[in-house]
Amino acid sequence: MDFFYDVIVIGGGHAGCEAACAAANMGARTCLITMDMNKVGQMSCNPAVGGIAKGQIVREIDALGGQMAEVTDATAIQFRMLNVGKGPAVWSPRAQCDRGKFIWQWRSILDRTPNLDIWQDQADELLVEQGQAVGVRTIWGVNFHAKSTIITAGTFLNGLMHVGRHQYPGGRSAEPAVYHFTESITKWGVRSYRMKTGTPVRIDKRSVHFEDMTLQPGESGFHQFSYMGTKRTLKQLPCWTCYTNSEVHETLRARLDDSPLFNGQIQSTGPRYCPSIETKLVTFPDKDQHPLFLEPEGEDTNEMYLNGFSSSMPMDVQLDAIHKIPALRDAKVYRPGYAIEYDYFDPTQLKHSLESKVLAGLFFAGQVNGTTGYEEAGGQGIVAGINAAIYCSGGSPFIMHRDESYIGVLIDDLTTKGVDEPYRMFTSRAEYRILLRQDNADSRLTERSYQTGLATRERYGWWKEKEDAIGRIIDFCDNTPVKPAEINSALESADTSPIRTGCKISDLIGRPQITLNTLSEAIPALKQILETLPNRQEEITEAAEIRIKYKGYVEREKLVADKMRRLENIRIKGHFNYSELREISTEGRQKLERIDPETLAQASRIPGVSPSDINVLLVLLNR
């Protein structure tokens, strides 16, 4: 059997679903090939979306016209805006989701996406002709031919699970590993390596002593993930916190020889920023407790996720240690935690479009690029889907820069720096955090996506309406003066000093204690503007306020970003034979030759390429 498409996507995880929807919504005839069409968008580990920097990525996916934010809002059972005690550059939305409903929400979206077919099968061999990927053959002998192919296989490629000294092949719990497919790719010169991740025990909430835990409620405010979606409708549930103790630690330490992480059984690298509980004990030997978070898996289930207790220790050790925690002394579990090793491909062999430099028409997205996290996967997936669709028609690739999005930072880091451990996004990785806020992802990306052909006219129209409303507020505040007599009582009520002479409203908004809503109570004209805003009044008001408060910082950061953009415009790919450039360092030559960056700015971000090496290249370019 032979089928012919524009784009085929291998894998129905977070990267695959976003890639398939993006390509199909851009008009490409697309097929999503997945091993189980009833587990698309499966949350293999924590049933949560967002978090520090990850929440910004989800809002960027939404601004581009992707689906993750709407799926999250529709299935959220708890929402929180993290870091609100700090500046808005690092505010990050996060939501607990109903794991089962999340899958079916994704399935519903896939089923009603035009130009998109789903085929339940397993990819077995990459088809290549004359240096170009032209499709895949499945384990059932079906040939899928396509102009572009996207690999989003997650942790399934040669996946091997570990619980103590027991090992079992699998892509995740109760699901088979994929063999042969990695080798069908690497035989063409694509480099692959191994990584490790893990997940914790799942607990029956009926056996938990919640009286010995601390309640962690969610928020009921206006914040959500999607700029377009509906408000949360599911029952909102709390999370709970507790701590490990010295007894827990002693129980685990006594059996470290049985841990596959420390007895030589696992050789690959795990995630630094989501370590197993046994790794925490070894890394932080002086700590006598570590925080744990007990999180609901859904609205209608007793299953709970013990965040902070990821482990691959033997099953009996995990249970013994958990029972040493007062709140979990009688805990019953559904399954133990486990570690999993899997194949990934060197992301420095990718272009910024996520197309392979080795095989034309082949794209990679998600954990196969060495990342960890649903959000990082979804961000790569939508970029790969856009570019795979563009590739079919021969257009210019869709590339996002570091001053434009966290997704741009993510892809630039992967393709220029590579990975030696699972990559996780943090706000600290972005040098333009003030520009890349969660509140302005639509203003950064929606117009670009609309011009590219993904964002719908409805999305574009709502963004224009929102921008116009923000503009009206800012214009009013910048041009409307207030006198001491009409505003000082409001200022004193807000614990900020009164004014002695008249000033513009925007000058007052710059004070940390003052908000637009505070001033609107004293300035009727401002209150009228805020009350006549279109939909999402609170979101628009907050966005306008942030722009006014941080105007100076934003303008200064834009100047820095513009300077770096000049280096982005200096293309060097194909200009040099790096091995012959004795004027630059040996390490610089080797890194430049291996990665072969497109621009001088990309070259400057490669570890091992020094500023003096960049100056040499500038001189050789007569710049």
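Throughout, numbering of the chain's residues begins at 1 and tracks the sequence. Below, each value reflects all heavy atoms present in this structure, side chains not excepted, and no hydrogens, waters or symmetry copies.
Within 6.0 Å of NZ on Lys558 lie no more than 12 heavy atoms contributed by other residues, nucleotides or ligands. In Phe222, the CZ atom is crowded: over 12 heavy atoms of neighbouring residues, nucleotides or ligands sit closer than 6.0 Å. By the 6.0 Å contact criterion, OH on Tyr460 is enclosed, its count of non-hydrogen atoms from other residues, nucleotides or ligands being greater than 12. More than 12 heavy atoms of other residues, nucleotides or ligands lie within 6.0 Å of CD in Gln289, so this atom counts as buried by the packing criterion.
Side-chain atoms of Asp98 and Thr75 form no donor-acceptor pair, as typed in the model, at a separation below 3.5 Å. Looking at Thr452 and Arg448, their side chains never bring a donor and an acceptor atom within 3.5 Å of each other. Side chains of Thr518 and Thr515: a donor on one and an acceptor on the other come within 3.5 Å. Between the side chains of Ser92 and Gln438, no donor-acceptor pair of N or O atoms lies under 3.5 Å.
Aromatic rings from Phe293 and Tyr305 are positioned such that their centres are separated by 6.0 Å or more. Taking the six-membered ring where the residue is Trp, the centroids of Trp240 and Phe210 are separated by under 6.0 Å.
Judged by distance alone, the side chain of Arg94 and the main-chain N or O of Met81 form no donor-acceptor pair under 3.5 Å. Panel note: side chain Glu18, backbone Gln67; a donor-acceptor pair is recorded below 3.5 Å. Of the possible polar contacts, none joining the Lys101 side chain to the Gly298 backbone as a donor-acceptor pair under 3.5 Å is found.
Taking the charged nitrogens against the carboxylate oxygens, Asp478 and Lys504 have no contact shorter than 4.0 Å, which rules out a salt bridge. Contact check on Arg329 versus Asp212 returns a salt bridge, with a Lys/Arg side-chain nitrogen under 4.0 Å from an Asp/Glu carboxylate oxygen.
For residues 40-99, the set of pairs meeting the ring pair (Phe, Tyr, Trp, His ring centres under 6.0 Å) definition, not counting sequence neighbours, comprises Phe79-Phe225.
Tyr432 does not carry Arg402 over the face of its six-membered ring by the limits of under 6.0 Å from the centre and within 45° of the normal. Because its NZ or CZ atom is not both nearer than 6.0 Å to the ring centre of Tyr338 and within 45° of the ring axis, Arg172 does not count as a cation-pi partner of that residue.
Evaluation of the side chain to side chain donor-acceptor pair (under 3.5 Å) rule for Thr241 yields no partner, not counting sequence neighbours.
Atom CZ in Arg472 sits 6.5 Å away from atom CG in Leu533 (nearest 0.5 Å).
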